[in-house]
Structures are given as structure tokens and as C-alpha cells.
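Let me begin by presenting the structure, written as C-alpha cells, before commenting on it.
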Amino acid sequence: LDEDLIDSALIVRERVGMIDTLLHAAVIVQVLPRLLQSGEKLLKRPSLGAGTDPDRKYDLETTHRVAEFKLSSWKGADGSRQRSLFADVVGLSLDPTERLRQVFVVGEIPIHFLMHSDRNAAKTLSRAALKLRTPEGLTDEMTVAQFTRAARVEVVDLRSFIPKLR
């Protein structure tokens with residue numbers, strides 16, 4: 001357990017983080033041409049890095065839609081993934097326009113969570129940013145699934161575009 005090991009471990013940690021960013025960018029770039037409708041224009045450059053960019057509210061913002069991309073692999077015990085995904089759904093619900101609201105995920109588990117979960121929506125947001133904790137239409141009794149439907153957020157499995165995703 002010497003300094004060379006620490007140096008090597010730091011290099012691996014840096015590279016692994018870059019893999020997430022690369023994957024996020026590659027998926028959006030692959031999906032975008034198949035997603036855009038005739039006449040649909042990008043309003044901002046898509047967020048090609050996983051994470052937050054203060055200049056962008058959404059991973060994708062066009063004349064027709066706002067969208068978030070979540071590429072996490074869900075295993076079953078996914079409390080933090082649930083909170084993060086639902087916070088993105090709430091963020092999409094805050095778009096004041098009539099544009100299509102979409103969240104792109106990988107697999108059935110996150111889809112099932114958003115469309116069928118009876119988890120309390122307000123409690124799921126308890127660790128979210130303050131602006132996300134009290135979205136319009138949220139009641140204390142509302143479930144994640146009820147809010148997702150009420151917010152008109154379409155949940156899309158990215159495997160329909162890229163079957164090799166897992």
C-alpha cells in the first residue's frame with residue numbers, strides 16, 4: 001500500500017468518471033437523430049455530460065420537447081436512483097410550456113417505479129433541491145406514479161433506440 005498504488009487508484013477513479021460522461025454523450029448523440037421530428041429544432045446544445053450544467057435546465061431542450069436521460073443500471077435496491085430520477089421528473093414538470101416532457105431510462109425497473117410506485121412523492125423529494133420539493137399539483141398523499149402521470153411526463157425505455165443498453 002504505497003504511493004504508486006494511491007496514484008494508480010486515483011487514475012482509475014478519474015477514468016471511470018469519464019466513462020459515465022462518455023456514455024451519456026454517446027447515447028444522446030445516437031438517439032437524437034431518431035428522436036427529432038420534422039421541423040423540431042434544438043433550442044440549446046444538448047447536455048452531453050452526465051451531471052449538472054448551470055446553463056441548462058434539461059439534458060435536451062427543443063422547440064417540441066424537454067427531456068432528461070438517466071442511464072443508471074438499476075438492481076432493485078435503488079433508493080438514491082429513485083430519488084434522483086423522480087427529481088428529474090419533477091424538474092420536467094416545472095417547464096411552463098406545452099412541450100412534450102420525456103424522461104429516458106434503461107429497462108423495466110425505472111419505468112415500473114415511475115408508472116406504478118405507491119411511494120409517497122413528497123417524501124421521495126425530501127432530499128431534493130428546495131425548488132423541487134413543492135411543485136404545482138403535488139399533494140401530501142400523492143404517489144410517485146400519480147405525480148408522474150399528472151405531470152404528463154412520458155417515460156421512454158432507451159432500449160427501444162439502442163437495444164444493447166443494460
Side-chain angles (χ1 to χ4, degrees), residues 1-36 42-62 65-95 101-117 119-135 144-145 147-148 153-166:
L1 300 176
D2 59 9
E3 288 184 29
D4 287 338
L5 174 67
I6 293 169
D7 186 50
S8 297
L10 289 170
I11 290 170
V12 169
R13 183 175 71 182
E14 290 168 2
R15 299 304 188 269
V16 169
M18 291 176 172
I19 289 171
D20 287 340
T21 301
L22 176 63
L23 181 61
H24 194 260
V27 166
I28 292 175
V29 167
Q30 289 295 310
V31 169
L32 198 55
R34 295 182 242 172
L35 190 65
L36 295 178
L42 294 174
L43 294 179
K44 294 186 178 184
R45 182 179 58 82
S47 176
L48 297 181
T52 58
D53 180 342
D55 294 333
R56 280 182 201 80
K57 291 181 183 178
Y58 311 105
D59 287 340
L60 178 64
E61 187 170 356
T62 74
R65 78 187 75 227
V66 291
E68 291 291 341
F69 289 76
K70 287 295 201 188
L71 304 174
S72 301
S73 294
W74 290 47
K75 308 271 189 270
D78 298 295
S80 63
R81 287 184 185 95
Q82 290 176 349
R83 288 187 297 275
S84 176
L85 177 59
F86 188 57
D88 279 352
V89 166
V90 172
L92 289 167
S93 80
L94 299 177
D95 182 54
R101 301 166 179 173
Q102 295 176 303
V103 61
F104 291 86
V105 298
V106 179
E108 291 299 320
I109 298 173
I111 293 170
H112 188 270
F113 168 68
L114 288 175
M115 301 310 299
H116 302 287
S117 176
R119 184 172 176 177
N120 182 278
K123 289 180 181 174
T124 304
L125 293 170
S126 65
R127 296 183 193 174
L130 287 175
K131 69 178 185 172
L132 298 178
R133 291 186 196 169
T134 55
V144 166
F147 184 87
T148 300
V153 174
E154 179 185 2
V155 185
V156 181
D157 191 342
L158 281 164
R159 296 178 306 176
S160 64
F161 295 94
I162 306 172
K164 290 185 177 182
L165 283 174
R166 57 185 181 279

- If you draw a 6.0 Å radius around CZ in Arg159, do more than 12 non-hydrogen atoms from other residues or ligands fall strictly inside? yes

Working to the nearest 0.5 angstrom, can you tell me the gap between [X] [atom1] and [Y] [atom2]?
{"X": "Phe113", "Y": "Thr124", "atom1": "CZ", "atom2": "OG1", "result": "5.0 Å"}
{"X": "Ile6", "Y": "Leu10", "atom1": "CD1", "atom2": "CG", "result": "7.5 Å"}
{"X": "Leu43", "Y": "Leu60", "atom1": "CG", "atom2": "CG", "result": "9.0 Å"}
{"X": "Ser93", "Y": "Asp88", "atom1": "OG", "atom2": "CG", "result": "11.0 Å"}
{"X": "Leu32", "Y": "Thr62", "atom1": "CG", "atom2": "OG1", "result": "8.5 Å"}
{"X": "Arg133", "Y": "Arg127", "atom1": "CZ", "atom2": "CZ", "result": "10.5 Å"}

Open item on the list: Strictly distance-based, threshold 3.5 Å: is any side-chain N or O of Arg101 a donor or acceptor partner for the main-chain N or O of Leu94?
Closed with: no

Practice prompt. Ignoring hydrogens and angles, tell me if any N or O in the side chain of Arg65 forms a donor-acceptor pair with the backbone of Leu35 under 3.5 Å.
Written response: yes

Shortest non-hydrogen contact from [X] to [Y]?
{"X": "Leu132", "Y": "Leu125", "result": "O-CD1, 3.4 Å"}
{"X": "Phe104", "Y": "Ala67", "result": "CE1-CB, 3.7 Å"}
{"X": "Ala122", "Y": "Asn120", "result": "N-OD1, 3.0 Å"}
{"X": "Arg119", "Y": "Gly79", "result": "NH1-O, 4.1 Å"}
{"X": "Asp157", "Y": "Gly107", "result": "OD1-N, 3.1 Å"}

Compare all side-chain heavy atoms of [X] with those of [Y] and state whether any distance is below 4.5 angstrom.
{"X": "Ser73", "Y": "Arg166", "value": "no"}
{"X": "Thr148", "Y": "Phe86", "value": "yes"}
{"X": "Val66", "Y": "Lys57", "value": "no"}
{"X": "Phe69", "Y": "Pro46", "value": "no"}
{"X": "Trp74", "Y": "Gln82", "value": "yes"}
{"X": "Ser80", "Y": "Arg83", "value": "yes"}

Practice item. Would you please test Arg81 and Ile109 for side-chain contact (heavy atoms from CB on, under 4.5 Å) and show each step? Key: CA-CA 11 Å; Arg81 287 184 185 95; Ile109 298 173; over 6 Å; no

Per side chain to side chain contact (heavy atoms under 4.5 Å, CB included), Leu71 is matched among Val106, Ile28, Val105 by Val106

| query | Run the side-chain contact (heavy atoms from CB on, under 4.5 Å) check on Phe161 and Gln30 step by step: do they pass? | reply | CA-CA 8 Å; Phe161 295 94; Gln30 289 295 310; over 6 Å; no

